[in-house]
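Numbering of ligands and ligand atoms starts at 1, following listing order.
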Amino acid sequence: MIELAFSILASDFAHLADEVSTAERGGGTIVHVDVMDGHFVPNITFGPPVVKALRPITKLPLDCHLMIENPDAYIPEFAAAGADMISVHQEVCRHLHRTLQLIADHNVKPAVVINPATPVDTLIEVLPMVHHVLVMSVNPGFGGQKFLPLALEKIAYLAELREEMGLNFRIEVDGGVAHDTVASVVEAGADMLVAGSAIFAPTVDGRRDPAQTEKNAVEFLKLAHAAAEK
Ligand code: DX5
Ligand code: ZN
């Protein structure tokens, strides 16, 4: 099943609850929460308090993408705040297996993320324990960046490995996934599509147009489904 995981990084934080319901009305089924610490990535965003605030305002699963050093120290807090899925970067986990197990021990779905320069082969041993693998198609840190096509081969390779190993983890892709790139990621085999700036309408004179956001999501999913049926 193809799903749109809309990234609230591109939303209007002053009206977060409305933005989430608008994206949901457009067909989004996962809330993608980009957590940045200013160390692993140059940007700082939000942490467990925002996850906690989101929890009562939506029934959709909260997909927490931790772009932070030392995720082990914060996993219990994100779990308590209401995270349904937590993904950690391979690049910061010295003991990746242990970290994924820690997530699972908190009854949260564990996932692993790889940066554009990190090979898929570094994940083979942990594939049986993840709910999904997140392939970054930009260098993490900011929304609105240009899609890196090198992600496509990695997605296809993961789909191949999944088949060969008889597993059923999902394949998520994140960064620059928009109306012009969504077909290629779906054709490669991705089924959890993160999109931020392609979904949330930009601010014009301090206001956002929810109808535009909803339309963006509907259109995005239409293109994704068409590519999946090919
Ligand atoms: C980038 C984040 C992404 C980002 C995607 O570091 O992990 O989730 O919000 O934004 P767009 O869709 O605008 O590339
Ligand atoms: Zn993300």
Check: How about T99 and D72: does a side-chain donor come under 3.5 Å of a side-chain acceptor?
Finding: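 Yes, because at least one side-chain N or O of T99 sits under 3.5 Å from a partner of the opposite role on D72.
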Margin query: Centroid separation under 6.0 Å, is that true for the rings of H131 and F169?
Written below: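 Between H131 and F169, which both carry aromatic rings, the centre distance is not below 6.0 Å.
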Please name the atom of [X], limited to N, O or S, that comes nearest to the Zn ion (ligand 2).
X    : result
D174 : OD2
H65  : ND1
D34  : OD1

Check: Would you call the rings of F200 and F6 parallel, tilted or perpendicular if under 30° counts as parallel and over 60° as perpendicular?
Finding: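 Rings of F200 and F6: perpendicular, over 60°.
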Next item on the list: Measure the acute angle between the ring planes of H65 and H32, then classify it against the limits of 30° and 60° as parallel, tilted or perpendicular.
Entry: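 The rings of H65 and H32 sit tilted, inter-plane angle from 30° to 60°.
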Margin query: Could you check whether any side-chain N or O of Q145 sits under 3.5 Å from a backbone N or O of N139, counting only pairs where one atom can act as donor and the other as acceptor?
Written below: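 Judged by distance alone, yes, a pair lies under 3.5 Å.
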Next item on the list: Show the protein residues that qualify under the rule heavy atom under 4.0 Å from an atom of ligand 1, listing them in chain and number order.
Entry: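 Residue list for ligand 1: S7, L9, H32, D34, M36, H65, M67, M136, P140, G141, F142, G143, G144, D174, G175, G176, V194, A195, G196, S197.
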Item checked: Cationic N near anionic O, under 4.0 Å, R55 to D84 ->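 Salt bridge flag = yes for D84 with R55.
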Item checked: R170 with E3: basic N within carboxylate O range, under 4.0 Å ->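 The answer is yes: the pair qualifies as a salt bridge.
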